[in-house]
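Structure, as structure tokens:
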Amino acid sequence: MKAAKQEVFYMRVSQMLIPTLREVPAEAEVVSHKLLLRAGFIRKSAAGVYTYLPLAWRVLEKIQKIVREEMNREGGQEVLMPIMQPAELWRESGRWDVYGEELIRFKDRHDRNFCLGPTHEEIITDLVRGEVNSYKQMPLLLYQMQNKYRDERRPRFGLLRGREFIMKDLYSFDRDEKGLDISYKKMYRAYSNVFSRCGMQFRVVEADSGAIGGSDTHEFMVLADSGEAEIVYCENDDCSYAANVERAISAVGEDSSNEVPSRLQEVHTPDVGTIEELTSFLDISAEKTIKTIIYSADDEIIAALVRGDREVNEVKLYNELNCLHMELASAEMISRVTGGNMGFSGPVNLDICIIADHEVKNITNAVTGANRTDYHLINVNAGRDFEPDKVADIRMVQAGEACPYCSSPMTGARGIEVGQVFKLGDKYSRALEATFLDERGKEQYIVMGCYGIGISRVLSACVEQNNDEQGIIWPGAIAPYHVVIVPINVKDNDQLNMAERVYNTLSDNGIETVLDDRQERPGVKFKDADLIGYPLRITIGSKALESSELEVKKRSSGDIVMIPEENVCEKVKSMLSY
RNA sequence: CGGGAUGUAGCGCAGUUUGGCUAGCGCGCUUGCCUUGGGAGCAAGAAGUCGAGGGUUCGAAUCCCUCCAUCCCGACCA
């Protein structure tokens, strides 16, 4: 069939819904939120719930297209699953009771319980257990992109932490761990491609698997100072160790000092309740002190010991304790259990479960609280003066510490989590009885993995990473349009004609262009162009008419080049190459 | 969920302490004139249940009570 010549519609800014704002709405705090509001990409409907205006939707569609291509390339098949999900499935997996307030629940007219899907493990597993019965049908990779719902206690940062958001989830189904490894590697590769193609600076880090369990999990972090997640990575380029600090480990140095254990002594330390006060009072380094933090874990009170210059990593501690709830003990609780006020706790003669970090046992002649208000102990030595019930890695790794693999120093950074890949194993297939028959006719649980990308989060993370004082700077691959043409004076017919001619040339060659035909002074249009962040701006004024040369300005660098009108297509294409 | 704050025109804000005529200002919007290379100027306009409900009072944006919404810090975050 011969394709009909596509009718050309002018994308005239005067007719487009791009409501830019001069002033920043008071509700916005982070830069991406401010800029997306100001540049006319989004509007809020409720806390954490946004309408995507035309520009934002174009960006989202481009991100989705990239994701789709990479998923399909690895053999993913796209489906669309319900947002409205029956409670029965969630009861079956056990998560109806576990998920808590974050799950948005409601009833239909027959009083049946439903929820808005925060994720789709239940639905997809239900589908697959019905349709997949043989090892011959696997591996199977199914994915979907759509709105998901989590009733965050505190939505914030605009699109970065909303209650309604667009997410891509892919689920892999394999016959065994070996198959899962392959699927996992495919997704890892696909994700790297996705974020590279989107023009983002990112890093893949090892992450904590959380309550979901499972063996391997990696997070894809877009590097940005405003990011909520803290990561460390090895400075040695050949090593590539990188991890979320919740998970990160570091090399434990051996005790190199030849110090001999001295006699345990109690010293009077009035009002010295913090490590900082302690080190200046006794004139010692914080590395010689032991910090004793009292936690209430389920019904038990425990003490966590780390070196004075370290922090307790509560995620690690939580995993170590294997408890349901854990929180810092109250001041009263501490006094009751230790006999001294908060700030004077220590492991010696402390009759509760003690978990010590590896570093703690390496300190010779340490200083700790005496479990007696206004007193500390000096020359405390693990093994002699106290015996931890458990020695484990429970400290928060800090920038500058040695890499656990190559001992190079590690750097700290902040990131926005835009994707996570997860080996689920048989957690859901067991709960939901999703099985298949192997070659020998033996029934086995399907081995699953899940892999998410926060599509709408990618949009704002991209803005978070690519902006300046003037506004957004879109990477070419996901910019809402590639080029804006700005005629200086639209009342000048020659300028307008030239602008339309250039518009047609570019559009006919597949370059996404808008024509700013508004009757505004040039300054207004320039400001809007910078704010919205079109990669290229072509200005057409009297100079262009005289010389037949077009002024093309690159948003990212601010560079201006003059190009003859007849070369505009190839030149623009090369400037856009991404 | 704990702590803090805010809610007045599309956006940003003043007015509330000490109740008082017709609720203001800047930006934006409409019309006209003028201007056209970085958010111009002049003139004339439109636009508000002062978050909602109740109460006190001759009279409430303003005082009291209740509720709602939004933001910030914290806690939380398969």
Side-chain angles (χ1 to χ4, degrees), chain A residues 17 19-30 33-34 37-38 40 43-49 90 93-96 98-103 117-122 148-158 160-163 165 167 169 171 207-214 217 219 228-229 244 246 314-315 318 325-328 417 420-425 427-428 431 448-452 454 457 469-471 486-492 495-496 516 518-532 537-545 551 553 558 560:
Chain A
L17 183 62
T20 55
L21 301 170
R22 294 195 183 193
E23 283 169 296
V24 192
E27 67 186 44
E29 195 59 32
V30 296
H33 190 194
K34 285 180 184 167
L37 284 168
R38 276 195 64 207
R43 286 295 182 264
K44 185 178 66 178
S45 298
V49 182
W90 284 75
S93 72
R95 291 208 292 181
W96 182 260
V98 174
Y99 217 98
E101 304 252 284
E102 239 174 73
L103 189 63
T119 174
H120 285 73
E121 279 88 7
E122 280 78 3
K148 311 242 170 168
Y149 298 82
R150 288 182 201 172
D151 198 358
E152 295 278 349
R153 279 182 181 182
R154 189 181 155 207
R156 57 183 137 177
F157 306 142
L160 285 173
R161 182 168 287 269
R163 293 190 292 174
F165 51 93
M167 184 121 168
D169 266 322
Y171 298 97
D208 181 70
S209 54
I212 199 164
T217 177
E219 288 169 340
E228 289 187 88
N244 191 313
E246 291 179 351
E314 295 193 354
V315 172
Y318 183 90
H325 289 288
M326 188 188 86
E327 59 183 1
L328 284 169
E417 183 195 334
Q420 183 162 20
V421 291
F422 229 121
K423 288 186 181 174
L424 288 174
K427 174 175 169 134
Y428 291 90
M448 293 173 58
C450 74
Y451 317 84
R457 189 178 262 194
E469 316 74 52
Q470 299 303 314
V486 178
I488 293 294
N489 184 354
V490 294
K491 284 187 179 164
D492 181 332
Q495 286 186 25
L496 198 56
D516 195 346
R518 292 177 300 167
Q519 293 210 15
E520 290 284 359
R521 293 168 60 82
V524 174
K525 300 193 203 179
F526 293 159
K527 288 285 184 191
D528 273 353
D530 288 348
L531 178 60
I532 291 163
R537 185 186 87 198
I538 297 180
T539 311
I540 294 176
S542 48
K543 282 182 276 180
L545 286 176
E551 173 194 305
K553 182 175 179 180
I560 293 174

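Each chain gets a letter, A, B and so on, in the order the sequences are listed, and its residues count up from 1.
For A/D528, counting side-chain heavy atoms from C-beta on, the closest listed nucleotide (B/G39, B/A78, B/C13) is B/G39. Proximity note for A/F526 (side chain, C-beta onward) versus B/G37, B/A78, B/C71: the nearest is B/G37. Ranking B/U70, B/G38, B/G39 by closeness to the A/E27 side chain, first place goes to B/U70. Considering only side-chain atoms of A/R22, the nucleotide from B/C29, B/G28, B/C77 that sits closest is B/G28. Proximity note for A/V524 (side chain, C-beta onward) versus B/A40, B/U70, B/A78: the nearest is B/A40. In this structure, of B/U70, B/G38, B/A78, it is B/A78 that holds the atom nearest to the side chain of A/R95.
Atom name P, nucleotides B/G7 and B/C50: the rounded distance is 14 Å, in whole Å. Going from the P atom of B/C71 to that of B/C11 covers 14 Å, rounded to whole Å. Separation of the P atoms belonging to B/U57 and B/U8 is 29 Å when rounded to the nearest angstrom. Between the P atoms of B/C58 and B/G12, the separation comes to 38 Å (whole Å). Comparing B/A47 with B/U17, their C1' atoms sit 31 Å apart, to the nearest whole Å. B/U62 and B/A52: their P atoms are spaced 10 Å apart (whole Å). Separation of the P atoms belonging to B/U56 and B/C64 is 15 Å when rounded to the nearest angstrom. Taking atom P on both nucleotides, B/U18 is separated from B/C63 by 9 Å, rounded to a whole Å.
As judged by a 4.0 angstrom heavy-atom cut-off over every strand, A/D530 is placed among the base-contacting residues. Residue A/P522 is in base contact, counting any heavy-atom pair closer than 4.0 Å across all strands shown. If you check every strand for non-hydrogen atoms under 4.0 Å, A/S542 touches nothing. As judged by a 4.0 angstrom heavy-atom cut-off over every strand, A/V24 is placed among residues touching the sugar-phosphate backbone only. If you check every strand for non-hydrogen atoms under 4.0 Å, A/E152 touches nothing. As judged by a 4.0 angstrom heavy-atom cut-off over every strand, A/A28 is placed among residues making no nucleic acid contact. Across all strands shown, A/K525 has no heavy atoms under 4.0 Å from either base or sugar-phosphate atoms.
Between the P atom of B/C76 and the CG atom of A/D208 lies a distance of 14 Å, rounded to the nearest Å. Taking atom NZ of residue A/K34 and atom P of nucleotide B/C11, one finds them 17 Å apart after rounding to whole Å. Atom C1' of nucleotide B/A75 and atom CZ of A/R161 are separated by 12 Å, given to the nearest angstrom. Distance, A/R153 CZ to B/C73 C1': 15 Å, rounded to whole Å. As a whole-Å value, the separation of A/K527 NZ from B/A40 C1' is 14 Å. Here the P atom of nucleotide B/G10 and the NZ atom of A/K44 are 15 Å apart, to the nearest Å. In this structure, CD1 of A/I488 is placed 12 Å from P of B/G39, rounded to the nearest angstrom. The CZ atom of A/F157 sits 13 Å away from the C1' atom of B/C77 (whole-angstrom rounding).
In terms of heavy atoms, A/W90 sits closest to A/S93 at O-OG, 3.2 Å.
Nucleotide B/A23 forms no Watson-Crick or G-U wobble pair with any nucleotide shown, as no partner meets the under 3.5 Å limit on both distances. Of the nucleotides present, B/G51 is the one that pairs with B/C67 by Watson-Crick or G-U wobble criteria, both distances under 3.5 Å. Judged by Watson-Crick or G-U wobble contacts below 3.5 Å, the nucleotide B/A14 has no partner. Under the Watson-Crick or G-U wobble criterion, with both distances below 3.5 Å, B/G37 has no partner in any strand shown. Of the nucleotides present, B/G32 is the one that pairs with B/C42 by Watson-Crick or G-U wobble criteria, both distances under 3.5 Å.
No hydrogens or angles were tested; on distance alone, nothing pairs the side chain of A/R43 with the base of B/G10 as donor and acceptor under 3.5 Å. With hydrogens and angles ignored, a donor-acceptor pair closer than 3.5 Å exists between the side chain of A/R38 and the base of B/G39. Not a single donor-acceptor contact under 3.5 angstrom links the side-chain atoms of A/E23 to the base of B/G28. The base of B/G37 has none of its N or O atoms less than 3.5 Å from a complementary donor or acceptor on the side chain of A/N489. Looking at A/K491, its side chain comes within 3.5 Å of the base of B/U35 through a donor and an acceptor atom.
Salt bridge annotation for A/K427-A/E121: absent, with no cationic side-chain nitrogen under 4.0 angstrom from a carboxylate oxygen.
In this structure a side-chain-to-backbone donor-acceptor pair under 3.5 Å is missing from A/E101 to A/R153. Panel note: side chain A/Q495, backbone A/N489; a donor-acceptor pair is recorded below 3.5 Å. Side chain of A/R537 to main chain of A/K553: no donor-acceptor pair is present (N/O by atom type, distance under 3.5 Å, no hydrogens or angles).
If A/K553 and A/R156 are placed on RNA chain B by their nearest nucleotide, the residue sitting closer to the 5' end is A/K553.
The side chain of A/R521 contributes no N or O atom lying less than 4.0 Å from OP1 or OP2 of B/U35. Proximity of A/R154 to the phosphate of B/C72: a side-chain N or O atom is located under 4.0 Å from OP1 or OP2.
Of the options A/K44, A/R43, A/R156, a salt bridge (charged side-chain N to carboxylate O under 4.0 Å, His left out) to A/E27 is made by A/K44 and by none of the others.
The shortest side-chain heavy-atom distance between A/V524 and A/Q519 does not fall under the 4.5 Å cut-off.
Figure legend: A/R457 and A/F165 shown without cation-pi pairing, the cationic atom not lying both under 6.0 angstrom from the six-membered ring centre and within 45 degrees of its axis.
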